[in-house]
Amino acid sequence: MSHWLEDLKKAIPEERILTSLADRHSYSFDASFGEYLPEAVVQAKEKEEVVAVFKLANRYRVPVYPRGSGTCLSGGPLPVHGGIVLDMSQWPKKIDHRPDDLTVTVTPSVLTARINEEAEKHGLMYAPDPSSAHVATIGGNLAENSGGPRGLKYGVTKDHVIGLEVITPEGEVMRTGGGTIKNVTGYDLTKLIVGSEGTLGVIVEATLKLMPKPPAVQTMMVAFDHVRKAGEAISKTLTSGILPSKMEFMDQACIVAVENFKPVGLPVHAAAVVILELDGHPETLKVERKLVEEIMERIGAKEVIIPKTEEEAENIWHARKQVSPAIAKIKPTKVSEDATVPRSKIPDFMDRLQEIKEKFDVEVVAFGHAGDGNLHPNVLCDKRNKEEMKRVELAVEEMFKAAIELGGTLSGEHGIGTMKAPFMELELGEVGVDMMKRLKDAWDPNHIMNPGKIFVEKGQRLVLTDE
Ligand SMILES: Cc1cc2nc3c(=O)[nH]c(=O)nc-3n(C[C@H](O)[C@H](O)[C@H](O)COP(=O)(O)OP(=O)(O)OC[C@H]3O[C@@H](n4cnc5c(N)ncnc54)[C@H](O)[C@@H]3O)c2cc1C
């Protein structure tokens with residue numbers, strides 16, 4: 001037995017240390033690519049345990065990989081260099097509401113959807129709404145700076161965090177921010193931790209901002225006979241003075257996939273649909289709905305569908321949520337990307353995706369939070385077909401380049417992890433990446449905290465097969 005494992009067993013109750021092959025296998029993957037076996041898993045339940053893990057990890061130079069529910073799409077929790085997976089999903093779940101302050105303090109293992117459910121009991125809402133909110137932890141959301149459809153109007157996770165309690169890679173307990181909405185004391189370490197993908201510390205508590213729940217919502221679905229027109233509709237709506245809470249896009253392949261999976265009556269002959277939600281006072285919504293209808297007609301929409309009941313509206317949003325599982329049925333492997341472009345460039349990005357699809361002869365479907373420029377091009381393929389996967393790798397690389405050339409970014413919400421590390425310099429340049437590395441060195445001098453993520457390692461490139 002390794003020395004460090006013996007010491008670990010002295011510091012943590014033995015029933016929370018998993019070392020059997022079967023247990024380690026179940027922590028070897030996330031929702032992206034690649035499989036890496038950890039040497040041990042610690043199901044942490046107390047701060048002292050996390051501190052003990054880090055003290056030991058620094059002493060023996062053992063890598064530590066924090067993990068929530070493992071739904072990451074970029075390889076964030078994967079133990080690429082073995083070591084310890086620090087499972088935070090078993091941490092005691094606490095949701096402490098302060099409705100008068102419009103804040104809530106939560107522990108990292110709480111599932112994100114639960115925070116909103118609790119907030120609604122006080123007439124409030126927790127705005128970030130990733131599609132995985134029912135299965136992903138708030139700890140994972142904070143580490144990835146996750147977003148969802150409501151990000152268009154309300155922003156992403158980082159816009160709703162006011163304070164954190166973090167255990168640093170050297171095993172110190174640190175508080176950042178606090179309980180106030182305004183706070184400019186010193187550097188904003190809260191924002192640095194949020195989105196750091198578990199490379200700068202383990203989040204053990206977070207204080208989040210809540211907002212009043214809008215009194216009414218209006219869903220609309222607009223069908224187009226050209227994908228480009230759908231892109232124009234998004235830009236025209238957003239520059240008209242109306243800010244919908246959600247504006248989602250699905251291309252025809254996604255529409256058909258959903259109808260084959262769980263039919264809800266989507267317009268299968270449309271080249272694309274835009275699903276949008278307006279929220280606010282019921283009287284305002286009547287006016288805004290009419291204005292959106294006029295914009296869509298002017299652009300030449302094929303059809304504007306207004307649900308007659310709440311149930312019909314829910315079905316439309318449910319259909320949008322079904323896209324991911326529905327397209328997963330088309331081919332065995334799905335490479336999900338989340339390159340994001342400035343909103344005015346959405347039509348150009350859609351054209352570029354079409355060119356890439358033809359150039360590399362790959363199957364690409366697109367859906368996503370188009371209102372904030374965050375499209376999810378998904379390449380559908382078969383991991384066992386090595387020749388096809390080489391073309392997929394080239395196509396994905398070209399998608400990243402296209403997004404950056406259009407003034408966009410590698411990732412709108414899924415993070416860099418292992419999947420996009422080789423492309424960081426494309427977006428940030430040498431100096432930008434170097435500054436991030438220097439920050440990382442200061443926080444984690446022995447590089448024990450989630451190594452192999454964000455920063456490219458020697459010889460690392462995008463590989464989507466098991467070679
Ligand atoms: C079907 C599906 C739909 C999805 N939809 C969306 C979406 O709409 N929007 C979106 O943004 N993402 C989406 N995702 C991606 C994923 O759900 C998010 O990235 C989510 O935040 C991951 O949370 P998790 O609990 O699963 O964390 P994990 O996947 O376990 O870990 C994610 C990262 O967080 C780190 N981490 C976990 N807990 C902590 C902690 N306590 N402290 C420090 N670091 C920690 C890990 O090291 C890792 O780097 C989707 C994924 C799937 C499979």
Side-chain angles (χ1 to χ4, degrees), residues 27 29-32 38 41 44-45 47 50 53-54 63-80 83-91 106-113 128-152 155-158 161 164-169 193-206 246 248 320-328 334 336-338 340 367-369 372 374-376 378 411-419 421 443-444 449-454:
Y27 285 90
F29 54 85
D30 63 359
S32 70
V41 176
K45 290 191 175 177
K47 284 182 228 172
V50 178
V53 167
F54 281 135
V64 179
Y65 293 94
R67 182 182 178 97
S69 297
T71 65
C72 189
L73 292 166
S74 57
L78 296 178
V80 293
I84 302 168
V85 165
L86 189 64
D87 176 5
M88 298 298 288
S89 69
Q90 304 302 306
W91 198 271
V106 294
T107 49
S109 52
V110 171
L111 300 183
T112 308
D129 59 343
S131 305
S132 52
H134 287 274
V135 285
T137 64
I138 186 68
N141 279 195
L142 290 159
E144 293 294 334
N145 190 11
S146 299
R150 280 203 292 239
L152 172 61
V156 293
T157 303
K158 73 165 183 238
V161 189
L164 293 174
E165 188 172 21
V166 176
I167 307 207
T168 70
I193 295 283
V194 175
S196 64
E197 303 189 22
T199 63
L200 296 181
V202 171
I203 299 157
V204 291
E205 191 181 278
K246 305 178 184 174
E248 298 286 299
R320 163 64 186 87
K321 282 206 167 148
Q322 293 305 309
V323 174
S324 231
I327 59 173
K334 173 164 87 72
S336 306
E337 290 310 336
D338 76 323
T340 303
F367 66 96
H369 321 302
D372 51 24
N374 187 192
L375 277 186
H376 293 318
N378 274 248
S411 176
E413 58 185 24
H414 295 164
I416 300 300
T418 52
M419 297 279 293
W443 281 68
D444 179 17
M449 181 102 216
N450 211 353
K453 311 298 162 62
I454 301 185

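Whatever order the structure lists ligands and atoms in, that order sets their numbers, starting from 1.
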Examine [X] against ligand 1 and note whether any of their N/O atoms are separated by less than 3.5 Å.
X: P66; value: yes
X: T71; value: yes
X: S324; value: no
X: G147; value: yes
X: G70; value: yes
X: G68; value: yes
X: R67; value: no
X: G140; value: yes

Taking heavy atoms and a distance under 4.0 Å, where does [X] meet ligand 1: side chain, backbone, both or neither?
X: H414; answer: side chain
X: C72; answer: both
X: V204; answer: neither

Option nearest atom 3 (C) of ligand 1 (shortest heavy-atom distance, choices S109, P79, S132): S132

Test item: E144 side-chain N/O and C72 main-chain N/O as donor-acceptor pair under 3.5 Å: no

Test item, N141 contacting ligand 1 (heavy atom, 4.0 angstrom): yes

